[in-house]
Asks: 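This is the structure I have questions about; it appears just below.
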Amino acid sequence: AYIKIAEGCDNRCSYCAIPAIRGRYRSRPLGELIGEAGALAARGVRELIVTAQDTTRYGTDRSGKPALAELLRALCGVPELKWIRVLYTYPELVDRELAALLESEPRLCAYLDIPLQHISDPVLSAMNRRSSRSGIKAMYAMLRGLDRHIALRTTYIVGFPGESEPQFRELLSFVEDHPFDHVGAFRFSPEDGTAAARMRGQVSGRIKRERLDRLMEAQQRVLRRWNRRHIGRTYEVLVEGIGEDGLYEGRTEYQAPGIDSAVRFRSGESLSPGMFVRVAIESVAEYDWIGVHADDAGK
């Protein structure tokens, strides 16, 4: 189940109409959220997914400082919850307190969704993002330096107004040199009423399509290399169902539902959605991991 911890947004990225539609950022009271999480857990929810337009800004409107780590520690106190997953964190607020919590708290999925959108400083500035190339690289190094591997997801926008070929190549180089476990990429699409829709230097549709293809080809090369490290390892998997090919489908803590890859595996036992089982990974497809229920390995 998903739990939305705040409404609205104060970031005012130049391409986004959400602040105009949903208003200022408004954090929900911590006690209210813990009560809702407890009620969901009592109904059988085992994975709780924490969302907002910007989860890292939780609490800033109430106390003047971020309180996401405090909220996550409280959620980890709900005994029935097995996995707690965090989406939509902003890079400039992913700090050492949050990183240390992800490293030490087993109920927190080793997973962080950090929409970067770009890496070129001029493009980030035009997007009205608060992050910078140097700050993003420092954050990445901090997370990759943790003893616990944290699966990282991000999104990129290509063809933003004014994006030059050298600036796009800067992004392409970053994708290749800083592997993310999951990447979503989109062509810039102007939204009515946003500053970006009125900017000069709009990029043609042909160039946007070509840049998107180049970026996703680069990410596929990264994944072919990056995913091989899972082969031969055994992971805990949340069973979600059976696919058309007859294989069970599920996810590890490193994969969010609906947006990431999945684990497909065979089992000699009858399994039901919601079960947690151990799966030995034997191979990787383009995105998905292929394996066998660990109880059947070697049979």
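These numbers come from a predicted model, not from an experiment.
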Asks: Report yes or no: does Asn128 contribute a side-chain atom to a donor-acceptor pair with the main-chain N or O of Ser14 at less than 3.5 Å?
Replies: no

Asks: Tell me, please, which residues at least two apart from Gln167 pass side chain to side chain donor-acceptor pair (under 3.5 Å).
Replies: Ser164

Asks: Should we count CD of Glu36 as having more than 12 external heavy atoms under 6.0 Å?
Replies: yes

Asks: Does the side chain of Arg153 come within less than 4.5 Å of Asp260's, by heavy atoms?
Replies: yes

Asks: Do the ring planes of His149 and Trp226 sit parallel (below 30°), tilted (30 to 60°) or perpendicular (above 60°)?
Replies: tilted

Asks: Tracing side-chain links under 4.5 Å among I, L, V, M, F, W and Y, which residues wind up in one group with Leu87?
Replies: Tyr2, Ile49, Tyr88, Tyr111, Ile259

Asks: Please check this pair: side chain of Gln219 against backbone of Phe180, looking for a donor-acceptor N/O pair closer than 3.5 Å.
Replies: yes

Asks: Apply the hydrophobic cluster definition, ILVMFWY joined by side-chain contacts under 4.5 Å directly or through others, and give me every member besides Ile242.
Replies: Ile231, Tyr235, Val237, Val239, Tyr248, Tyr254, Val263, Phe265, Leu271, Met275, Val277, Val279, Ile281, Val284, Trp289

Asks: Would you give me the side-chain donor-acceptor pairs under 3.5 Å for residues 138-146, sequence neighbours excluded?
Replies:
residue	atom	partner	partner atom	Å
Tyr140	OH	Arg144	NE	3.2
Tyr140	OH	Pro179	O	2.7
Arg144	NH1	Ile150	O	2.8
Arg144	NH2	Pro179	O	2.9
Arg144	NH2	Asp181	OD1	3.1

Asks: Counting only N and O atoms by type, is there a donor-acceptor contact under 3.5 Å from the side chain of Arg85 to the main-chain atoms of Gln255?
Replies: yes

Asks: Are any side-chain N or O atoms of Thr154 and backbone N or O atoms of Leu116, one a donor and one an acceptor, separated by less than 3.5 Å?
Replies: yes

Asks: Between Phe160 and Val203, which heavy-atom pair has the shortest distance, and what is it?
Replies: O-CG2, 3.5 Å

Asks: What residues, two or more places apart in sequence or in another chain, satisfy side chain to side chain donor-acceptor pair (under 3.5 Å) together with Arg73?
Replies: Glu97

Asks: Show which residues join Leu238 in its hydrophobic cluster (side-chain heavy-atom contacts under 4.5 Å, direct or indirect), or state none.
Replies: Trp83, Phe276

Asks: Going by atom types alone, do Ser173 and Glu176 pair a side-chain donor with an acceptor below 3.5 Å?
Replies: no

Asks: Short question: side chain of Asn11, backbone of Cys13 - any donor-acceptor pair under 3.5 Å?
Replies: no

